[in-house]
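Each remark here refers to the structure printed beneath this line.
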Amino acid sequence: MALKVAIVGRPNVGKSTLFNRLAGKKLAIVDDRPGVTRDRRYASGRIGDLDLELIDTAGFEDVSDESLEARMRTQTEKAVDEADLVLFVIDAREGVVPLDRIFADLLRRRDMPVVMIANKAEGKAGDAGVGEAYALGFGEPVPLSAEHGEGLADLYAAIMAAAPQDWEEEVEDLEKPIRIAIVGRPNAGKSTLVNRLIGEDRMLTGPEAGITRDSISVDWEWDNRRIRLVDTAGLRRKARVQEKLEKLSTADTIRAITFAEVVILVMDEANAFETQDLQIADLVEREGRALVYAVSKWDLAKEPNVRLAELREEADRVLPQLRGAPLIALSGLTGRGLDRLMPAILKVHKDWSAKIKTRDLNDWLAMAVQRHPPPAVNGKRIKPKYMAQTKARPPTFVLFSSRADEMPEHYRRYLVNSIRESFDLPGVPVRVTVKSGSNPYAEGGEKGPARTAPRRFQKATGSAPPAPARPKPKAAKGKNVGKGPVARAIVRPRSGPGAKPTRPKGR
């Protein structure tokens, strides 16, 4: 099992930069301003031959009220309690500040292994800060530059020396989890829904919009199935996204949609299916992901049955390409309707992974064409011939047909909707590609020349090409055949069965 390591420290000392360096990829959002990271974030990392489970935390603030900073401090303390080893990061260029001393006292009271890191120690600007770090009482500090990757060998040696002896004791489960991304507009209730599902206050929540900035993944188990929930930052309209930090959060959310298998679109009951919700749903469909609508804050709805029927009708009307996608009304605050969410997710995930037999597909194709034949284009009928599924996730099919490039788009949509209805795939993105074999008589075909006008017509119009030269007849072996220039051109052999008889000498 990997060693679980929490990276802690005050704001803007380079914790997320070190997190990305050890993870080997840019997972956490990094910016010059302090307080970018808010939730704790997990990732797999490696240093030398040592596997790590990394926890990136928010900057430590010495507050204990009901503010956002106090909730961030609570998340950091939970990460420390959960970890096997703590990497305590300070800024070597600024040296030890009072907030570092307060956090050092908190770590000493927990009595757990700590590795002291003096970050931003490249060059000579951080030498004084490295010396001051000895006063915190965690032994020899490791001078490091997370931005440039300097000092990682010393960090590896310090981790190996401080790691507890009993951390290698479990074997990882190789079953891949179902990846579920939870997306929506800001303040729609995404983080509250994650906390209610897993049964703990894992994500920061509150009345403030835009609390979540990174895409935070949480491993969870439901009904003996491994689930990986990914809470994302709220997506606003592109015209309103001006700050660099929000642009990074938006890109992180879109990346989470790309790597997800099922996407839960969380919408506020009071203003569900607004323009931004429709754009997010269309993005999910274009990425080929399974979609589940989750209408949150249902405990505030008036006349729930009437409102639910209205939302179902509106979903099919404004998003016909996702007709039949599950719509679950729930409340993340009270847990109302939450028991219907996971069964709907597993059902749509199964449909998204469906594979259909070729024989059943072609039986369906014959009935679909008989019920609604394709239209004639330029007086010529389009004839669908054969269909097969090329892959799943999402279901993708190829249809072989004559005049495939002239098949109207509305008939292709008819085939897609008929597939969903006939094979019970509601709300699943379906891809149908129409192909045809090459026509040998078309221009550029491989078999035979293209038909041209008669030669006498070409001569009359002056477009006739020069006549090809007549080939010379080949010399034939054997007896003389016929008369004329061809016969005279035949050369008889001097000897053999076809040779000309010779008269004896002397007669």
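Taking each heavy atom of Q75 and R202 in turn, the nearest pair found is OE1-O, 3.0 Å. Nearest heavy atoms, I180 versus I264: CG2-CD1, 3.6 Å.
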Worksheet entry | R93 and E122: CA distance, side-chain angles, deciding distance, side chain to side chain contact (heavy atoms under 4.5 Å, CB included) verdict | CA-CA 9 Å; R93 298 192 175 189; E122 62 271 14; 3.0 Å; yes
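In this structure the side chain of K350 never reaches within 4.5 angstrom of the side chain of K347, judged on heavy atoms. A 4.5 Å side-chain heavy-atom check between K302 and R307 finds every atom pair outside the cut-off. The shortest distance between side-chain heavy atoms of D316 and R312 does not fall below 4.5 Å. Inter-residue side-chain proximity for K355 and Q389 is flagged as met; some heavy-atom pair is nearer than 4.5 Å. Looking at heavy atoms from C-beta onward, Y42 lies out of side-chain contact with L54 at the 4.5 angstrom threshold.
D111 CG: 12 or fewer foreign heavy atoms inside a 6.0 Å radius.
The CG atom of L136 sits 7.0 Å away from the CZ atom of R108 when rounded to the nearest 0.5 Å. Atoms CE and CH2, on M342 and W220 in that order, are 4.5 Å from each other to the nearest 0.5 Å.
The backbone N or O of I7 sits less than 3.5 Å from a side-chain atom of T57, completing a donor-acceptor pair. Looking only at distances, a side-chain donor or acceptor of R289 sits under 3.5 Å from a matching main-chain atom of A260.
A perpendicular orientation is assigned to the rings of F138 and F88, their planes being inclined by more than 60° (bins at 30° and 60°).
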